[in-house]
Engineer: 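Here's a structure for you.
All figures in this text were calculated on a predicted structure; none of them were measured in a lab.
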Amino acid sequence: TITDLPRPGNLAARGITKPERIGIAWDASLSRSRADKTRELAILARLLEAAGDVDVDVVLVRNDVSAPRTFKVVGGQAGAIVRYIKEAPCDGGTDLRRVRFARAKYDYWLFFSDGLSTLGEGMPTEIAARVFAVNGAATANHGFLRYVAESSGGAYFNLSEVSDDEVVRRLSAPGDAEVVFVGATYDKEKVADVTPTI
């Protein structure tokens, strides 16, 4: 049995051109206090502009995760969300195990973090929804961010390797649907190896 899923990264190609509710998990721990988050905020603003009218829940991630702050974006105007995040103090440690990417009511999550946990290692408590991780820091746990995103059917965007335009295009612009090989179930006594060709 071979399972193919639409390739993560292009929401429009997978019929998610008009999200109704987006979750944003923003790393506001002390280790991010000196990080230049200009590009991350600019990408966020552009993504919400492309989404148009959408409800957004923002949670701040530190040694604990804040209660969701809900915003109603109308006409893509994301200024209130950007201000809220910019004004949020960066303090406390980082415990990424406490993050919950809940599926209920969310079309997907945007996760802005360097993936560096200072209060213990481990995966988020819940990864039930699609997660798109964005990181603009030079020093980061790329493996962690990639695993969280891709295991959920999402994608990881390392801003040192991809342009802002590319991130926005892959998350909001129409395009041809692609498939990605996820895995295969086979009798190892009869088949030595499986190599997909798409």
Engineer: Please find the pair of heavy atoms, one from Cys90 and one from Ser29, that lie closest to each other, and give the distance.
Structural biologist: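 For Cys90 and Ser29, the tightest heavy-atom pair comes out as CB-O, 3.3 Å.
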
Engineer: Considering only heavy atoms from C-beta outward, does the side chain of Ile81 approach that of Leu44 to under 4.5 Å?
Structural biologist: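 In contact.
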
Engineer: What is the minimum heavy-atom distance between Ala67 and Val59, and which atoms define it?
Structural biologist: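 Ala67 and Val59 have their closest heavy atoms at C-CG1, 4.4 Å.
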
Engineer: Donor-acceptor pair, distance only, cut-off 3.5 Å: does the side chain of Asp57 make one with the backbone of Pro68?
Structural biologist: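 Looks like no, no N/O pair under 3.5 Å.
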
Engineer: Which pair of heavy atoms, one from Leu47 and one from Val168, lies closest together, and at what distance?
Structural biologist: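 For Leu47 versus Val168, the nearest heavy atoms are CD2-CA, 3.9 Å.
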
Engineer: Just how far is it from atom CG of Asp53 to atom CD of Gln77, taken to the nearest 0.5 Å?
Structural biologist: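 The CD atom of Gln77 is 10.5 Å from CG of Asp53, to the nearest 0.5 Å.
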
Engineer: Using modelled atom types only, decide if a donor and an acceptor are shared between the side chain of Asn63 and the backbone of Thr94 within a distance under 3.5 Å.
Structural biologist: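 Here the side-chain-to-backbone pair does not exist.
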
Engineer: Linking I/L/V/M/F/W/Y whenever any side-chain heavy atoms sit under 4.5 Å apart, do Val73 and Tyr108 land together?
Structural biologist: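 Yes, Val73 connects to Tyr108 through the hydrophobic network.
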
Engineer: Show me the pairs that pass ring-ring contact (aromatic ring centres under 6.0 Å, His included) and involve residues 56-83, at least two apart or across chains.
Structural biologist: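 Listed once each, the pairs are Phe71-Tyr84.
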
Engineer: What pairs with Arg83 under salt bridge (Lys or Arg N to Asp or Glu O under 4.0 Å), at least two apart in sequence or on another chain?
Structural biologist: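 Checked Arg83 against salt bridge (Lys or Arg N to Asp or Glu O under 4.0 Å); zero matches.
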
Engineer: Under 3.5 Å, side-chain donor or acceptor atoms of residues 134-144 against the rest of the protein: list the pairs with distances, not counting sequence neighbours.
Structural biologist:
residue	atom	partner	partner atom	Å
Asn135	OD1	Ala137	N	2.9
Asn135	ND2	Ala137	O	3.2
Asn135	ND2	Tyr156	OH	3.3
Asn141	OD1	Phe144	N	3.0
His142	ND1	Tyr156	OH	2.7

Engineer: Quick check on the hydrophobic clustering: are Ile22 and Val148 connected, directly or via other members, by side-chain heavy-atom contacts under 4.5 Å?
Structural biologist: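 As far as the 4.5 Å side-chain criterion goes, Val148 and Ile22 are not connected within one cluster.
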
Engineer: Mind checking what makes ring-ring contact (aromatic ring centres under 6.0 Å, His included) contact with Phe111, not counting sequence neighbours?
Structural biologist: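 For Phe111, the residues satisfying ring-ring contact (aromatic ring centres under 6.0 Å, His included) (neighbours in sequence not counted) are Phe101.
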
Engineer: Measure the CZ-CH2 distance between Phe132 and Trp109 for me, rounded to the nearest 0.5 Å.
Structural biologist: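 Answer rounded to 0.5 Å: 14.0 Å.
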
Engineer: Between Ala51 and Pro19, which heavy-atom pair has the shortest distance, and what is it?
Structural biologist: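 That would be CB-CG, 4.2 Å.
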
Engineer: Applying salt bridge (Lys or Arg N to Asp or Glu O under 4.0 Å) as the test, list every pair that has at least one member in residues 59-70; sequence neighbours left out.
Structural biologist: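 Found Arg62-Asp91, Asp64-Arg98.
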
Engineer: Ser160: what forms a side chain to side chain contact (heavy atoms under 4.5 Å, CB included) with it, not counting sequence neighbours?
Structural biologist: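 So Ser160 forms a side chain to side chain contact (heavy atoms under 4.5 Å, CB included) with Asn158.
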
Engineer: Which residues pass the ring-ring contact (aromatic ring centres under 6.0 Å, His included) test with Tyr147, not counting sequence neighbours?
Structural biologist: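 Here no residue qualifies.
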
Engineer: Go through Asp107 and Glu20 one step at a time and tell me if the side chain to side chain contact (heavy atoms under 4.5 Å, CB included) criterion holds.
Structural biologist: CA-CA 7 Å; Asp107 292 287; Glu20 296 182 3; 3.8 Å; yes

Engineer: Let me confirm one number: the OG1-CG distance from Thr118 to Leu30, rounded to the nearest 0.5 Å.
Structural biologist: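 It comes to 8.5 Å.
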
Engineer: Test of understanding: with side chain to side chain donor-acceptor pair (under 3.5 Å), list the residues that count as partners of Arg46, not counting sequence neighbours.
Structural biologist: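 For Arg46, the residues satisfying side chain to side chain donor-acceptor pair (under 3.5 Å) (neighbours in sequence not counted) are Asp165.
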
Engineer: Using salt bridge (Lys or Arg N to Asp or Glu O under 4.0 Å) as the criterion, list what pairs up with Lys72, not counting sequence neighbours.
Structural biologist: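 Listed in chain order: Asp55.
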
Engineer: List for me each residue that meets salt bridge (Lys or Arg N to Asp or Glu O under 4.0 Å) alongside Arg32, sequence neighbours excluded, and say none if there are none.
Structural biologist: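 So Arg32 forms a salt bridge (Lys or Arg N to Asp or Glu O under 4.0 Å) with Glu40.
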
Engineer: Sorted by first residue and then second, give each ring-ring contact (aromatic ring centres under 6.0 Å, His included) pair with at least one member in residues 23-66; sequence neighbours left out.
Structural biologist: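 Counting only pairs at least two positions apart or across chains, the ring-ring contact (aromatic ring centres under 6.0 Å, His included) contacts touching residues 23-66 are Trp26-Phe112.
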
Engineer: Please say whether more than 12 non-hydrogen atoms of neighbouring residues, nucleotides or ligands are located less than 6.0 Å from CD in Glu121.
Structural biologist: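 Counting neighbours around CD of Glu121, 12 or fewer heavy atoms of other residues, nucleotides or ligands fall under 6.0 Å, so no.
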
Engineer: Closest approach of Ala45 and Val82, non-hydrogen atoms and distance?
Structural biologist: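 In this case the closest contact between Ala45 and Val82 is CB-CG2, 4.1 Å.
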
Engineer: Between Ile85 and Leu41, is the side chain to side chain contact (heavy atoms under 4.5 Å, CB included) condition met? List the steps.
Structural biologist: CA-CA 9 Å; Ile85 291 174; Leu41 288 167; 3.8 Å; yes

Engineer: Ignoring hydrogens, what is the shortest heavy-atom contact between Ala102 and Ala129? Give both atom names and the distance.
Structural biologist: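 Shortest heavy-atom separation between Ala102 and Ala129 comes out as O-CB, 3.3 Å.
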
Engineer: When you measure from the side chain of Arg97 to the backbone of Leu119, do you find a donor-acceptor pair of N or O atoms at a distance under 3.5 Å?
Structural biologist: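 Present.
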
Engineer: When you measure from the side chain of Ser152 to the backbone N and O of Val131, does any donor-acceptor pair fall under 3.5 Å?
Structural biologist: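 Yes.
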
Engineer: Check whether Lys37 reaches the backbone of Ala35 with its side chain - one donor and one acceptor, N or O, closer than 3.5 Å.
Structural biologist: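 Yes, the answer is positive, given that a donor and an acceptor are paired below the 3.5 Å cut-off.
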
Engineer: Check salt bridge (Lys or Arg N to Asp or Glu O under 4.0 Å) between Glu126 and all other residues, then give those that pass, not counting sequence neighbours.
Structural biologist: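 Glu126 satisfies salt bridge (Lys or Arg N to Asp or Glu O under 4.0 Å) with Arg100 once adjacent residues are dropped.
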
Engineer: Supply the atom-to-atom distance Asp27 CG to Leu96 CG, rounded to the nearest 0.5 angstrom.
Structural biologist: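 Result: 6.5 Å between the selected atoms.
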
Engineer: Could you check if a side-chain atom of Leu159 sits within less than 4.5 angstrom of a side-chain atom of Val167, using non-hydrogen atoms only?
Structural biologist: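 The answer is yes, as the side chains (C-beta and beyond) meet within the 4.5 Å cut-off.
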
